[in-house]
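See structure below.
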Amino acid sequence: MGRVTAVPEPDLVLISWSRNPLVAGSPRRIVAARVIGNASPCRADLTPNALLRTALACLLDHDVGFKIVFRHRTSNISGYLLLQRN
């Protein structure tokens with residue numbers, strides 16, 4: 001009889017972000033982040049008040065392998081992103 005192997009589940013990262021509405025051109029910062037699975041080696045970049053661009057630079061690196069599968073702006077100063085790694 002053949003071996004049975006489990007299909008690996010994708011890793012997911014959901015990030016909620018916002019900007020400071022009192023400062024024009026302020027950077028997007030992480031409000032909250034949730035990881036389903038594993039976000040190595042970028043877990044340290046997914047903390048509240050961290051820069052979104054730093055976290056995305058790590059997650060979207062070719063060696064890490066995440067891709068943005070959904071993004072939505074909830075207002076001019078906030079939104080969220082869903083990233084997936086297979």
Side-chain angles (χ1 to χ4, degrees):
M1 191 159 141
R3 293 183 100 158
V4 177
T5 58
V7 176
E9 293 292 321
D11 296 321
L12 299 172
V13 177
L14 177 63
I15 302 172
S16 173
W17 61 267
S18 72
R19 296 178 191 260
N20 183 342
L22 303 176
V23 179
S26 65
R28 295 178 294 173
R29 293 195 175 269
I30 296 173
V31 174
R34 298 293 177 258
V35 176
I36 299 173
N38 188 358
S40 292
C42 306
R43 186 72 179 141
D45 296 325
L46 298 171
T47 59
N49 209 32
L51 290 172
L52 178 63
R53 78 179 99 145
T54 304
L56 288 179
C58 181
L59 292 165
L60 297 174
D61 184 278
H62 291 295
D63 293 335
V64 178
F66 277 93
K67 292 185 174 145
I68 297 173
V69 294
F70 187 78
R71 70 175 75 201
H72 181 72
R73 286 184 81 127
T74 54
S75 71
N76 287 336
I77 60 163
S78 64
Y80 57 91
L81 298 162
L82 178 63
L83 297 97
Q84 177 180 349
R85 171 172 60 188
N86 288 329

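Only this structure's heavy atoms are used, side chains among them; waters, hydrogens and symmetry mates stay out. The first residue of the sequence shown is numbered 1, and numbering continues consecutively from there.
Grouping the Ile, Leu, Val, Met, Phe, Trp and Tyr side chains by contacts below 4.5 angstrom, directly or via other members, places Leu12 apart from Ile30. Taking hydrophobic clusters as Ile, Leu, Val, Met, Phe, Trp and Tyr residues chained together by side-chain heavy-atom distances below 4.5 Å, Leu46 does not share a cluster with Leu14. Residues Leu81 and Val31 do not share a hydrophobic cluster, defined by chaining ILVMFWY side chains whose heavy atoms lie under 4.5 Å apart.
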Without placing hydrogens or testing angles, list every side-chain donor-acceptor pair under 3.5 Å for residues 54-73, not counting sequence neighbours.
| from | atom 1 | to | atom 2 | distance (Å) |
| --- | --- | --- | --- | --- |
| Asp61 | OD1 | Asp63 | N | 2.8 |
| Arg73 | NH2 | Asn76 | O | 2.8 |

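Note on residues 77-86: pairs passing side chain to side chain donor-acceptor pair (under 3.5 Å), not counting sequence neighbours, are Asp11-Arg85, Thr74-Ser78, Ser75-Ser78, Gln84-Asn86. Sorted by first then second residue, the salt bridge (charged side-chain N to carboxylate O under 4.0 Å, His left out) pairs that include residues 20-30, not counting sequence neighbours, number zero.
Evaluation of the side chain to side chain contact (heavy atoms under 4.5 Å, CB included) rule for Val23 yields Asn20, Ser26 as partners, not counting sequence neighbours. For Thr47, the side chain to side chain contact (heavy atoms under 4.5 Å, CB included) partners are Ala50, not counting sequence neighbours.
Surrounding CD1 of Ile36 are at most 12 heavy atoms belonging to other residues, nucleotides or ligands under 6.0 Å away.
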